[in-house]
Amino acid sequence: MKALHNLVSHFQLQGTPQQPEPLGSGLINDSYLVRTVEADAPDYVLQRINHAIFQDVDLLQHNIRCVTEHIRRQLKAAGTPDLDRRVLRFIPAETGKDYWFDGTSYWRMMVFVKDSFTHQAVTPTSSRNAGLAFGQFQAQLADLPETLGETIPNFHNMEFRLQQLDEAVAADAVGRVAGVQDLLEAVAQRRETMCQAERLYREGKLPKRICHCDTKVNNMLFDADDNILCVIDLDTVMPSFIFSDFGDFLRTGANPVAEDEPDLNRIDFDLAIFEAFTEGYLQSARSFLTPLEIELLPYAAELFPYMQFVRFLTDWINGDTYYKIQYPEHNLVRSRAQLQLLTRVEACGDKMKSIIRTLLSKQ
Ligand code: GN1
Ligand code: MG
């Protein structure tokens, strides 16, 4: 812990930092809260960047700097108060870069958004706000002057994720393939349909836009009155299909239980949440969405449980090399939970379409 404290000294902070304390439950990066002694100095978050996953730290922090500054400029121009609670602010290290390399790990610091809360579950009201917020996030970034790179190449590319699964199955590194034949069958059945976005993109029918790409419920900060303050966890902001933000929110938000729920009977797809989120999203995003993007929103709701199912299953077959696990079968349990969610979403296909039709006619 002494070492953590030393790290902090390499950043251009305001105030006197105290000993970092562990923070949050992200599956990828390690986070610490760094309080400052002075009441008028902000507190900070110190994070170790998972360099195995985000291999190009310069590109990563460049993307984040472009995005946060662009949004900050817009909010400022609109006269929005309390900017440090409305968009993340990263602190340069003494090198002038937005990270510090200690010889082994890459670290970064940002201002801790005070009096903020995250949710693991959502209500229709907070979902509508989330739809508005993520649609607005895409809208804000529509005129970003800089070009962003892919911080994780092919991150939400379904064809690529299936290829990774195929490779894992072929290698069968830890002998787990025989035990998951039913799951592999479920993957195969849906393969063609689920890869339609990439096909449409190649045919020039579907655009990529700057998206958040990890729109989980717990990647938004709310104030004490449940208003959305800002979107966090910007590591995966990159060009993608808008389905990323739409589908991944519903994957976690419309499921009343956690993404790794072991009791499959408790997993569901809540259409009230779908409706509320879609209403908010269409309200802020409709102006730039194409008719095909809108038509494919129900597909997006299926795509993300499917993609997460494929990713967890791949990690299980690889012997748990990517996601942190809390118990030995965790990735298998996660896989089964995501497949169950997918079947619940699939059962709602017609209802989703009719909800979207109704919402469009009302707006
Ligand atoms: C990871 O970092 P975290 O926990 O917000 C993952 C997402 C997955 C999610 C599943 C970079 O997100 O893509 O949907 O776990 N992020 C990365 O919980 O792989
Ligand atoms: Mg996160």
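Numbers for residues simply follow the sequence, beginning at 1. Whatever order the structure lists ligands and atoms in, that order sets their numbers, starting from 1.
Ligand 1 is never approached by Phe304 to a heavy-atom distance shorter than 4.0 Å. Contact annotation: Asn219 has at least one heavy atom less than 4.0 Å from an atom of ligand 1.
Atoms of ligand 1 lying under 4.0 Å from at least one heavy atom of Lys216, given by number and element, are 3 (P), 4 (O), 5 (O), 9 (C), 10 (C), 12 (O), 15 (O), 18 (O). Per-residue contacts place Ile152 under 4.0 angstrom from the following atoms of ligand 1 (heavy atoms of the residue considered): 11 (C). Within ligand 1, counting atoms from 1 as listed, the ones closer than 4.0 Å to a heavy atom of Tyr322 are 11 (C), 17 (C), 19 (O). Less than 4.0 angstrom separates some heavy atom of Glu259 from each of these atoms of ligand 1: 10 (C), 18 (O). Close approach of ligand 1 to Phe54 (heavy-atom distance below 4.0 Å) involves ligand atoms 11 (C).
Taking a 6.0 Å sphere around CD of Glu192, one finds it holds 12 or fewer heavy atoms contributed by other residues, nucleotides or ligands.
A salt bridge links Arg35 with Glu21: at least one charged nitrogen is closer than 4.0 Å to a carboxylate oxygen. Taking a cutoff of 4.0 Å between a charged side-chain nitrogen and a carboxylate oxygen, Asp58 and Lys97 qualify as a salt bridge.
Between the side chains of Gln47 and Asp30, no donor-acceptor pair of N or O atoms lies under 3.5 Å. Looking at Glu38 and Thr16, their side chains do bring a donor and an acceptor atom within 3.5 Å of each other.
Using a 4.0 Å cut-off between heavy atoms, Asp233 contacts ligand 1 through its side chain alone, with no backbone atom that close. At a heavy-atom cutoff of 4.0 Å, ligand 1 is contacted by the side chain of Arg251 but not by its backbone.
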Exercise. Would Phe90 and Leu88 satisfy side chain to side chain contact (heavy atoms under 4.5 Å, CB included), going step by step from the backbone distance to the final call?
Worked result: CA-CA 7 Å; Phe90 285 79; Leu88 294 180; 3.9 Å; yes

For this session: Evaluate side chain to side chain contact (heavy atoms under 4.5 Å, CB included) for Phe160 paired with Phe155, printing each intermediate quantity in order.
Result: CA-CA 8 Å; Phe160 173 74; Phe155 186 48; over 6 Å; no

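Taking only non-hydrogen atoms, the option from Met307, Lys324, Arg311 nearest to atom 13 (O) of ligand 1 is Arg311.
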